[in-house]
Every structure is written in C-alpha cells, then in structure tokens.
Enquirer: 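The structure that follows is given in the form of structure tokens.
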Amino acid sequence: MADTHTQPSAENGSTPQKKNHKKYRKDKPWDNDSIDHWKVDAFKPEDNKAGSFLEESSFATLFPKYRESYLRESWAAITKALKDVGIDCTLNLIEGSMTVRTTRKTWDPYMILKARDMIKLLARSVPFPQAVRVLGDDVACDVIKIGGMVHNKERFVKRRQRLIGPNGATLKAIELLTECYVLVQGNTVSVMGPYKGLKQVRNIVEDCMNNIHPIYNIKALMIKRELAKDPQLATENWDRFLPKFKKNNVKKKAAKPKREKKEYTPFPPAQQPSKLDMQLESGEYWLTEAEKKKQKDKEKAQKKWEAKMQKKAEREKAFVAPKEEPKKKEAQKEETTMELAAKVKQQHANKRKREGAKQAKAEDFVLGSSSSKVDAPAAKKQKKEDNNNNNGDTPTKKNKKKMLDL
C-alpha cells in the first residue's frame with residue numbers, strides 16, 4: 001500500500017514547512033541556571049515517612065592494642081556524636097573491637113554505613129575530631145591498601161616516604177589541592193573528603209607506588225586549579241596546558257656473556273655415571289643401613305668439629321700479637337769508649353803540633369843549623385809516638401781516665 005502522504009515540492013511553488021516541537025512546551029520550575037542540580041540536600045527526620053526500621057543492622061571492627069588508651073579516653077565523645085544521629089556503639093576491650101548498631105530512634109538509613117566508616121578510621125589511628133566529619137553528607141572516606149603494591153620492603157618504605165615528603169610538605173600540598181584529610185599509616189592510606197578529592201588522592205597514591213613521584217600530579221592539579229578560574233576555558237580541552245613527563249630511566253639489558261664455541265665432534269659425549277654406579281665404586285652399595293647411618297654421623301661430626309675449630313681460630317685471632325717491624329739500622333755506629341778516647345788524644349796531639357809549629361824559628365828551617373840537629377832526635381821521638389797513636393795502641397789507664405774526665 002503506497003503512502004498517500006506527500007510533501008509539497010518546490011515545483012508546485014510552495015515551500016516545505018518545519019515542525020515546531022516546542023509548540024506545547026512550557027517552562028519548568030527546575031529549568032533555571034541558579035539551581036545546582038548536583039547539590040545533595042540534607043536528609044532530615046521528617047523525610048523518613050516510613051518510621052523506625054524493622055530489623056537491626058550492626059557492624060564491628062577490630063582495633064590494635066596501642067589504640068586502646070586513646071579510644072578509652074575519647075569514647076564518651078564518640079558515643080555522644082553517634083547518639084545525635086540515633087546510632088548505638090559499644091567498646092569491647094577484652095576482644096579489642098568496636099560495634100555500632102541501629103536503634104528505634106535511627107531515622108537516616110544510610111547513617112549506619114557512615115558510623116561503620118567512622119569506627120574504621122578510628123581503628124586506623126585517625127583522631128576523633130577528623131573521623132567525626134565522615135558523618136556529614138558531603139564527606140566520604142576511602143582506605144587505600146598499599147602493602148601489596150611493592151614487594152621489596154626497602155623500596156616500599158622509600159616510596160611511602162615520598163607521599164609524606166620532607167617535614168610533611170608533600171602530604172600538606174596534596175591535602176590543600178584535593179581538600180581531603182590524608183593519613184599514611186602502615187600498609188594503608190586513610191583519606192577523608194569529597195568524592196572528587198578521593199579519586200584524585202587515590203590516583204596520586206597508586207602512581208607513587210608505581211614509581212611516579214607525587215610532585216608531577218601535584219603540578220598538574222595546580223595548573224587545573226588555575227585553569228578552572230577562567231570561564232573561557234571551562235568548555236575547552238586542557239591537555240595542551242598540562243605537563244607531559246616522560247620516563248627516562250630506562251633499564252639497560254645486561255650484555256650476555258659470549259659462550260666459547262666447542263670443536264665439533266660427531267661422537268656423543270661420554271655417559272655420566274649414575275648414582276648406583278658411584279655407590280658400587282665407593283663400596284657404599286654393600287653397606288647395611290646401620291653402617292650407612294654410622295658413616296653419615298661420622299661425616300656430620302667431622303664437619304661439626306671443623307666448623308668449631310674454624311670459629312675457635314677466628315676468636316683467637318684477636319689475641320695474636322701483631323708482628324713488630326724491624327728497627328732501621330743507624331747510619332753510623334755508636335763509637336766505643338776506646339775509640340772516643342783515642343780520638344780525643346789525637347786531637348790534643350795535633351793541637352800541640354800546631355802550637356809548636358807557630359813557635360818555630362827561622363833557623364830551624366835552615367839546613368845544617370845547630371838547633372835543627374839538636375831537635376832532630378826529639379822530633380823523631382814525637383813522630384814515633386804519633387804513629388803509635390794512629391795505629392790504635394791502647395792508652396794507659398792514667399790517660400784513659402784523663403780522657404774520660406774530659
């Protein structure tokens with residue numbers, strides 16, 4: 001069956017008519033730019049028209065021993081804060097647990113989940129003034145587990161310290177930019193704040209554990225914060241403004257050691273002896289179980305004795321005196337008493353000889369003079385005494401004593 005509806009064409013001289021879909025539409029009261037459609041209105045007791053709950057809901061969590069004293073001191077304030085929203089709480093010090101449950105006065109069905117998050121944060125060392133904020137509608141919490149992200153313990157401690165930074169500077173910057181409270185404790189990171197901030201903090205923490213420094217994400221958040229202030233860039237893509245960091249520390253593959261090529265032989269290698277062959281060769285095969293056990297005990301005792309002696313030798317090394325270095329020989333040997341006396345006597349003889357030469361007359365040097373002939377025997381006698389002294393003759397006791405006195 002052909003469609004009988006035809007549209008007017010341009011040949012007939014008429015123009016096509018456009019349908020007006022907004023003809024019967026009226027302005028709605030919520031179609032107003034001043035209304036924030038993402039705003040979460042507070043839930044009040046009059047909003048719960050169904051009344052009290054039919055069933056009781058409860059949650060419990062354990063806390064470490066070191067938190068017991070703090071929880072005992074602040075439990076009165078915790079009870080008062082939960083009582084205002086109709087939640088009952090119990091502190092069990094024997095089991096080390098905290099329990100929250102709904103009551104007949106509970107009017108907010110989601111408040112029991114908020115109370116569960118609150119005791120979870122208290123067990124993870126979050127102070128009460130911060131943990132009580134999670135009861136508000138605009139605040140949520142997230143516990144990020146970082147213990148299994150890095151297997152090496154030393155590397156894990158270093159990367160966890162990056163989140164805190166020097167004197168907590170990095171952690172403070174993250175809190176200011178994301179408007180969240182962040183606490184790094186053990187193998188977890190506790191976060192409190194708006195949902196948008198929770199997502200940003202989780203990305204920063206996961207990147208930090210994957211060896212990406214938090215300063216890169218902090219810089220990107222600072223740029224986004226400045227761009228959000230400009231209304232002209234609200235609908236544009238911000239990728240061109242954000243910094244792009246490339247990872248440059250690429251690990252180099254270690255060079256494989258070159259294997260030396262063996263000479264080719266058409267014959268297969270010799271067959272290695274089996275365990276049975278080795279036992280037959282050593283004679284162990286024919287030993288009984290008792291003899292085998294005795295031999296093993298003997299070898300074990302021998303190894304134990306060798307280890308004991310080795311430890312004893314190491315301990316005795318501390319009591320071994322160090323080797324003394326030989327003293328260097330003096331360049332000149334000490335002169336003996338006899339040599340010193342002979343030396344002093346020679347000096348006195350030379351001195352007398354010089355004094356006698358000064359007192360000599362001119363006639364003594366004239367050949368054939370009477371004075372030279374008279375003194376010739378005396379000079380010969382003096383020369384003979386000098387020669388005897390030079391030959392190392394032993395001085396008399398009287399001279400020796402005189403020399404020592406000098």
Side-chain angles (χ1 to χ4, degrees), residues 60-68 94-97 123-125 143-164 184-190 205-214 246-330:
T61 184
L62 300 174
F63 59 86
K65 186 71 176 177
Y66 63 87
R67 292 289 291 171
E68 181 179 332
I94 298 172
E95 296 179 358
S97 63
R124 295 189 178 275
S125 302
V143 178
I144 307 167
K145 296 181 179 180
I146 59 176
M149 293 185 179
V150 182
H151 299 291
N152 192 329
K153 189 175 180 181
E154 294 180 1
R155 197 175 298 162
F156 167 74
V157 172
K158 287 180 181 179
R159 293 183 185 179
R160 186 181 61 181
Q161 186 61 29
R162 289 180 194 169
L163 282 173
I164 302 170
V184 181
Q185 175 74 14
N187 293 333
T188 58
V189 179
S190 303
V205 172
E206 289 178 352
D207 287 346
C208 183
M209 290 294 115
N210 293 328
N211 203 20
I212 299 174
H213 204 280
K246 292 183 180 180
K247 192 174 180 181
N248 296 325
N249 53 345
V250 181
K251 292 184 178 179
K252 295 181 180 179
K253 293 183 179 179
K256 294 181 179 179
K258 294 182 179 179
R259 295 181 180 178
E260 296 180 358
K261 291 184 178 180
K262 298 180 180 179
E263 295 181 1
Y264 173 75
T265 55
F267 305 103
Q271 188 176 2
Q272 297 294 329
S274 64
K275 187 177 180 180
L276 185 63
D277 294 337
M278 294 172 69
Q279 289 179 351
L280 288 169
E281 186 178 353
S282 62
E284 188 182 351
Y285 181 77
W286 289 278
L287 297 176
T288 61
E289 291 294 330
E291 290 174 341
K292 288 180 181 178
K293 187 178 179 182
K294 188 177 180 181
Q295 188 175 358
K296 285 183 180 179
D297 293 343
K298 189 177 180 181
E299 291 176 358
K300 190 175 181 181
Q302 180 68 18
K303 288 181 181 178
K304 192 175 181 181
W305 183 81
E306 289 177 359
K308 184 179 179 181
M309 296 304 294
Q310 188 177 358
K311 287 183 179 179
K312 186 178 179 181
E314 289 177 359
R315 287 195 298 270
E316 289 178 353
K317 281 182 181 178
F319 302 100
V320 177
K323 292 182 179 180
E324 296 182 359
E325 297 182 359
K327 295 182 179 180
K328 295 180 180 180
K329 295 181 179 180
E330 297 180 359

Enquirer: Say you draw a straight line from CD of Glu206 to CD1 of Ile212; how long is it, rounded to the nearest 0.5 Å?
Expert: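 Taking CD in Glu206 and CD1 in Ile212, the distance rounds to 10.5 Å.
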Enquirer: More than 12 non-hydrogen atoms from neighbouring residues, nucleotides or ligands closer than 6.0 Å to CD on Glu154, yes or no?
Expert: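 Incorrect, the count does not exceed 12.
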Enquirer: How close do Leu287 and Lys292 get, counting heavy atoms only, and between which atoms?
Expert: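 Heavy atoms only, the tightest pair is O-CE, 3.6 Å.
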Enquirer: Judged by modelled atom types alone, do Gln295 and Glu291 share a side-chain donor-acceptor pair under 3.5 Å?
Expert: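 Checked: Gln295/Glu291 side chains show no N/O donor-acceptor pair below 3.5 Å.
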Enquirer: Looking at Leu62 and Ala123, what are the two nearest heavy atoms and their distance?
Expert: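 Heavy atoms of Leu62 and Ala123 come nearest at O-CB, 3.5 Å.
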Enquirer: Atom NZ of residue position Lys294 - does it have more than 12 heavy atoms of other residues, nucleotides or ligands inside 6.0 Å?
Expert: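 Counting neighbours around NZ of Lys294, 12 or fewer heavy atoms of other residues, nucleotides or ligands fall under 6.0 Å, so no.
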Enquirer: So, Arg159 side chain and Met209 main chain: donor-acceptor pair closer than 3.5 Å or not?
Expert: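 At least one qualifying donor-acceptor pair exists.
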Enquirer: Any carboxylate oxygen within less than 4.0 angstrom of a Lys/Arg side-chain nitrogen, looking at Lys311 and Glu314?
Expert: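 A salt bridge is absent here (no side-chain N lies under 4.0 Å from a carboxylate O).
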Enquirer: Which pairs pass side chain to side chain donor-acceptor pair (under 3.5 Å) with one or both residues in residues 273-287, sequence neighbours excluded?
Expert: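 Those involving residues 273-287 are Ser274-Asp277.
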Enquirer: What's the separation between atom NZ in Lys158 and atom SG in Cys208, rounded to the nearest 0.5 Å?
Expert: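 Those atoms lie 13.5 Å apart.
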Enquirer: Identify the two heavy atoms, one from Ser97 and one from Phe63, that lie closest to each other, and give their separation to 0.1 Å.
Expert: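 Heavy-atom minimum between the residues: N-CE2, 3.2 Å.
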Enquirer: Could you tell me the separation between the CD1 atom of Ile144 and the OG1 atom of Thr188, rounded to the nearest 0.5 Å?
Expert: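 These two atoms lie 9.5 Å from each other.
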Enquirer: After noting the C-alpha distance and the side-chain angles of Asn211 and Arg162, does the key distance pass the side chain to side chain donor-acceptor pair (under 3.5 Å) rule?
Expert: CA-CA 10 Å; Asn211 203 20; Arg162 289 180 194 169; 3.0 Å; yes
Enquirer: Mark yes when over 12 heavy atoms from residues, nucleotides or ligands other than Gln302 sit less than 6.0 Å from its CD; otherwise mark no.
Expert: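 Atom CD in Gln302 is crowded, with more than 12 foreign heavy atoms closer than 6.0 Å.
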